Amino acid sequence: MNNSVPQISEAEIEVMKVLWEKDASTAKEIIAEIEKTNDWKPKTIQTLLSRLVAKGAVRTEKKDAKSFIYSAAVKKEDYQSYANRSFIKKLYDGSLNLMLASFIKDAQLSKADIEELKNILEEKQNES
């Protein structure tokens, strides 16, 4: 597991999603994006940005005397991988098989979904 991936709260993920999508952005741009889907106050979003900078998940670069450019210091793929492993460890005692069995049992899978899953497993088996 990548130990350099910081713990990121659900609210902070909303900020990270903007940075992963837009790359480098000013606080004003990030706030504008988040306000499209959340009714958070700009001060709340600024606080989340500050926390992410303190955690090392976000980098800052001075744009001018009054503003900064923010960018993700953690790649989306790295965070997803970390979050997946953490989720499996917490809820399924680290067993990927238990997690998959639970999801498959509870899901409404179409024949196409089942075929896709079979193909993914076959590809994985051929890698070994």
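For the numbers below, each heavy atom of this structure counts, side chains included, while hydrogens, waters and symmetry mates do not. Throughout, numbering of the chain's residues begins at 1 and tracks the sequence. What you see is a predicted model, and the numbers here were worked out from it, not measured in a lab.
- Between the side chain of Thr47 and the backbone N or O of Lys43 there is at least one donor-acceptor pair closer than 3.5 Å.
- For residues 49-71, the pairs satisfying side-chain hydrogen bond (donor to acceptor under 3.5 Å, both in side chains) are Glu12-Lys55, Asp64-Ser67, with sequence neighbours left out.
- When every heavy atom of Ile8 is checked against every heavy atom of Leu52, the shortest pair comes out as CG2-CD2, 4.0 Å.
- The structure places CG of Leu48 at 12.0 Å from CE of Met16, a figure rounded to the nearest 0.5 Å.
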Next item on the list: Check step by step if side chain to side chain contact (heavy atoms under 4.5 Å, CB included) holds for Glu14 and Val18.
Entry: CA-CA 7 Å; Glu14 295 304 311; Val18 172; over 6 Å; no

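- Residues meeting the salt bridge (charged side-chain N to carboxylate O under 4.0 Å, His left out) test with Lys22, sequence neighbours left out: Glu33.
- Of all heavy-atom pairs spanning Val74 and Trp20, the tightest one is O-NE1, 2.8 Å.
- Here Gln108 contributes atom CD and Asp106 contributes atom CG; the two are 9.5 Å apart, rounded to the nearest 0.5 Å.
- Taking all atoms of both residues into account, the shortest heavy-atom contact from Ile69 to Ala24 is CG2-CB, 3.4 Å.
- With sequence neighbours left out, the salt bridge (charged side-chain N to carboxylate O under 4.0 Å, His left out) criterion links Lys41 to no other residue.
- The shortest heavy-atom contact between Pro6 and Tyr79 is O-CE1, 3.9 Å.
- Taking CD of Glu29 as the start and CD1 of Ile34 as the end, the distance is 12.0 Å to the nearest 0.5 Å.
- Taking every heavy atom of both residues into account, Ile30 and Val15 meet most closely at CG2-CG1, 4.2 Å.
- Side-chain contact between Pro42 and Glu35 is present, with at least one heavy-atom pair separated by less than 4.5 Å.
- Checked by atom type and distance alone, the side chain of Trp40 never pairs as donor or acceptor with a backbone atom of Ile31 at under 3.5 Å.
- For the atom pair Ile104 CD1 and Ile114 CD1, the distance stands at 8.5 Å (nearest 0.5 Å).
- Between the side chains of Asp113 and Ser110, a donor-acceptor pair is found at a separation under 3.5 Å.
- The CG atom of Leu117 lies 9.5 Å from the CD atom of Glu115; values are rounded to the nearest 0.5 Å.
- How far CZ of Phe103 is from CG of Leu109: 11.5 Å, rounded to the nearest 0.5 Å.
- In Gln80, the CD atom is crowded: over 12 heavy atoms of neighbouring residues, nucleotides or ligands sit closer than 6.0 Å.
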